[in-house]
Amino acid sequence: MKKLAVRIDSISIHNFKNVVNGSISFINPRKPYQASILGLYGQNGSGKTALIDAIELLRLAICGQTIPSNYSDYINVDASSANLKFVFKMTGEEGKYTVCYEFSLKKGVARNISNMNLQDTTEETNQVILFDELLSYSFESDTEKVRMASLIDTRTANVFLPKSKYELLVGDEKTIEVNLLVVKKLAEATSRSFIFSRELLTTIRADSTKKSADPAAKRHLSVIESMVYYGNFELFVIQTANSGLISMNALPLSFRYEDHSESRRIGAIGNMLIPLNEPSTLPQEILDIAKKVISNLNIVLSEMIPGLTISIRELGQQVMKNGEIGVQIQLMSHKNSKEIALQYESDGIKKIISVLQLLIVAFNNPSITVAIDELDSGIFEYLLGEVLKIIAEKGKGQLIFTSHNLRPLETLDKGFIAFTTTNPSQRYIRMTNVKENNNLRDFYYRDIVLGEQSEIVYEPTNNYEIALAFREAGESHGS
């Protein structure tokens, strides 16, 4: 069964962090491009990071991973639950799919029982519960058209509805039904998705060859398997914690590497956290992957920052904690025929290096989505604008980013830019009445001052009051 190419089409967020209601489409409304770019701009605390966090939550859900307990604090303080809805476009040889996946979050309490000094104690901790999952899709080909309908609806006391699709995917054995009801409860108790749980997927995959003989079942399996593959191998989220790690002299190197040489076909995906202020030890297998990733990103790095490349200096073998032999390494920087430790380069260069390999993959692969919070952190604004313009005009994949640097507003097509507002119930908008010859950066500044859009994009501040507050703060401390 061939995998479908997947791309996020839109996201709707309700009662998540400071977003009471917000919907955003990733389709450029002005003209079609092969790449899908969305740059989100707005005032501090206006919902930019909430969008990236929502995408990370999506990734965790469709990977079947446990949702961290801190997501329970992401539910809006005035609501009992949050709801997120993701719409995808999937394409394959047989036709096009529109897939919708939505779920809700609520707070729960986890009770951990331990035995201390021969006395049982119960410790309660917050957890997040993922519930009311719904996966639905429509399909269209040259010869067939299937309207949007539920594939897996967990909003029932049964395993899932509709019954016809349950029987097609799972069967009618009572033992399996009982086991899946237990799995459903367990997924809720362990803060995981039930639809994308390993247990349900294993059951659905049983007799897949037989199911693939049925055209409807084949489509169902294509949607589910493509979602799973997308979440595990094609969706990447870089949060602001990465910048924090860089400031603490560590390089979080995110990558997706494939070797398609005739002699050897290998693939690797993941994140490496490599200390910069001291040597680190890597297993030989990981070291080999790191070398290939660095060799790949050096091709672009030397053009973005003329003459700059990085390398791995091997310092010798060392026994690791697990008893295996590893290689001690140090990351080095090369420029103008000089070699220095990478730790002495700027944070901006380290930020570029940490995400560059993912940008390369997104540039070349239409089914890759990379979401980056504060992409501009430490990066020279002219370079940022030019790189984004290249990806937008010549790339194939999907890039979603937040930024405070306004240079991309001058280099990207206006259809690639969206803005946050000061209205929690209408968080995301695109500028209207923007003419072809308007500079979007100047247009945005003007709207901040004049407020010409249907929603206010900036909560005005008073310079006199800010200066007075500085003075009062200083006087209260005797400054």
Side-chain angles (χ1 to χ4, degrees), residues 4 6-16 19 21-26 53-67 71 74-75 79-90 96-108 128-140 146-170 177 180-181 183-201 203-204 216-217 219-231 235:
L4 303 171
V6 181
R7 180 171 287 182
I8 302 176
D9 190 71
S10 65
I11 296 178
S12 296
I13 301 173
H14 304 280
N15 294 322
F16 185 73
V19 182
N21 183 68
S23 295
I24 190 165
S25 169
F26 299 118
D53 288 335
I55 298 173
E56 170 64 5
L57 187 54
L58 167 70
R59 188 192 67 80
L60 292 169
I62 59 182
C63 288
Q65 296 182 18
T66 296
I67 309 299
Y71 275 89
Y74 286 17
I75 299 169
S80 58
S81 64
N83 177 265
L84 295 101
K85 180 178 180 180
F86 304 86
V87 177
F88 306 85
K89 294 295 184 185
M90 298 187 183
K96 298 179 180 179
Y97 298 77
T98 298
V99 179
C100 177
Y101 175 52
E102 60 181 297
F103 56 83
S104 295
L105 301 174
K106 63 182 178 182
K107 291 184 179 180
V128 62
I129 296 173
L130 191 151
F131 69 105
D132 281 358
E133 290 181 272
L134 174 62
L135 181 65
S136 54
Y137 76 89
S138 64
F139 172 75
E140 185 175 356
V146 179
R147 64 179 178 83
M148 179 70 70
S150 299
L151 174 58
I152 301 178
D153 186 349
T154 67
R155 300 171 300 182
T156 174
N158 299 319
V159 179
F160 67 78
L161 296 174
K163 185 177 180 181
S164 60
K165 290 171 182 172
Y166 171 84
E167 291 178 348
L168 188 61
L169 292 172
V170 174
E177 180 184 3
L180 289 179
L181 285 171
V183 170
K184 188 176 181 180
K185 288 291 185 182
L186 184 61
E188 180 178 304
T190 54
S191 304
R192 294 182 294 134
S193 161
F194 170 62
I195 290 180
F196 296 105
S197 64
R198 176 177 53 82
E199 299 89 341
L200 179 59
L201 292 175
T203 303
I204 291 174
R219 285 197 299 268
H220 302 340
L221 290 171
S222 288
V223 167
I224 294 170
E225 294 292 0
S226 296
M227 287 280 288
V228 171
Y229 187 90
Y230 175 74
L235 175 59

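All residue numbers in this chain count up from 1 along the given sequence.
- Across every non-hydrogen atom of Ile129 and Gly108, the tightest pair is CD1-CA, 3.9 Å.
- Here Ser10 contributes atom OG and Lys89 contributes atom NZ; the two are 8.5 Å apart, rounded to the nearest 0.5 Å.
- Atoms OG and CD1, from Ser25 and Ile8 in turn, are 11.5 Å apart once rounded to the nearest 0.5 Å.
- Among all heavy-atom pairs drawn from Ser80 and Lys106, the shortest one is O-CB, 3.8 Å.
- At a threshold of 4.5 Å between non-hydrogen side-chain atoms, the residues Tyr71 and Leu130 do not count as touching.
- Here the closest non-hydrogen pair linking Ser150 and Ser136 is CA-CB, 3.6 Å.
- Expressed to the nearest 0.5 Å, how far CZ of Phe88 lies from OG1 of Thr98 amounts to 11.5 Å.
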Take Thr203 and Leu180 through the test side chain to side chain contact (heavy atoms under 4.5 Å, CB included) and record every step on the way to the result. CA-CA 9 Å; Thr203 303; Leu180 289 179; 3.9 Å; yes
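- Looking at Ser191, its side chain does come within 3.5 Å of a backbone N or O of Val128 through a donor-acceptor pair.
- Within the 3.5 Å criterion, the main-chain N or O of Asn158 finds a donor-acceptor partner in the side chain of Lys184.
- Applying the side-chain contact (heavy atoms from CB on, under 4.5 Å) test between Ile224 and each of Ile195, Ile152, Val99 identifies Ile152 as the sole match.
- Between Glu56 and Arg59, at least one side-chain nitrogen of the basic residue sits less than 4.0 Å from a carboxylate oxygen of the acidic one, meeting the salt-bridge criterion.
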Apply side-chain hydrogen bond (donor to acceptor under 3.5 Å, both in side chains) to Ser23 and Ser12, showing your working. CA-CA 4 Å; Ser23 295; Ser12 296; 3.0 Å; yes
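- Two residues are said to be in side-chain contact when any heavy atoms from C-beta on lie closer than 4.5 Å; Leu105 and Phe16 meet this criterion.
- Rounding to the nearest 0.5 angstrom, the gap separating the SG atom in Cys63 from the OH atom in Tyr230 is 10.5 Å.
- Within a 6.0 Å sphere centred on NZ of Lys85, other residues, nucleotides and ligands contribute 12 heavy atoms or fewer.
- The residue from Leu58, Leu134, Leu84 that alone fulfils the side-chain contact (heavy atoms from CB on, under 4.5 Å) condition with Tyr101 is Leu58.
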Run the side chain to side chain contact (heavy atoms under 4.5 Å, CB included) check on Leu57 and Phe103 step by step: do they pass? CA-CA 11 Å; Leu57 187 54; Phe103 56 83; 3.9 Å; yes
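- Residues Leu151 and Leu169 have side chains in contact (heavy-atom distance under 4.5 Å, counting atoms from C-beta outward).
- A donor-acceptor pair is defined here as one N or O able to donate and one able to accept, closer than 3.5 Å; such a pair exists between the side chain of Glu133 and the backbone of Phe194.
- The shortest side-chain heavy-atom distance between Ser222 and Tyr97 falls under the 4.5 Å cut-off.
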Take Glu225 and Leu201, measure what side chain to side chain contact (heavy atoms under 4.5 Å, CB included) needs, and give me the verdict at the end. CA-CA 9 Å; Glu225 294 292 0; Leu201 292 175; 5.9 Å; no
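- If you take CG on Leu4 and CE on Met227, they are separated by 11.0 Å, rounding to the nearest 0.5 Å.
- Using a 4.5 Å cut-off on side-chain heavy atoms (C-beta onward), Leu235 and Ile55 make contact.
- Between Phe26 and Arg7, the closest side-chain pair of non-hydrogen atoms is not below 4.5 Å.
- By the 4.5 Å heavy-atom criterion applied to side chains, Arg219 and Tyr137 are counted as neighbours.
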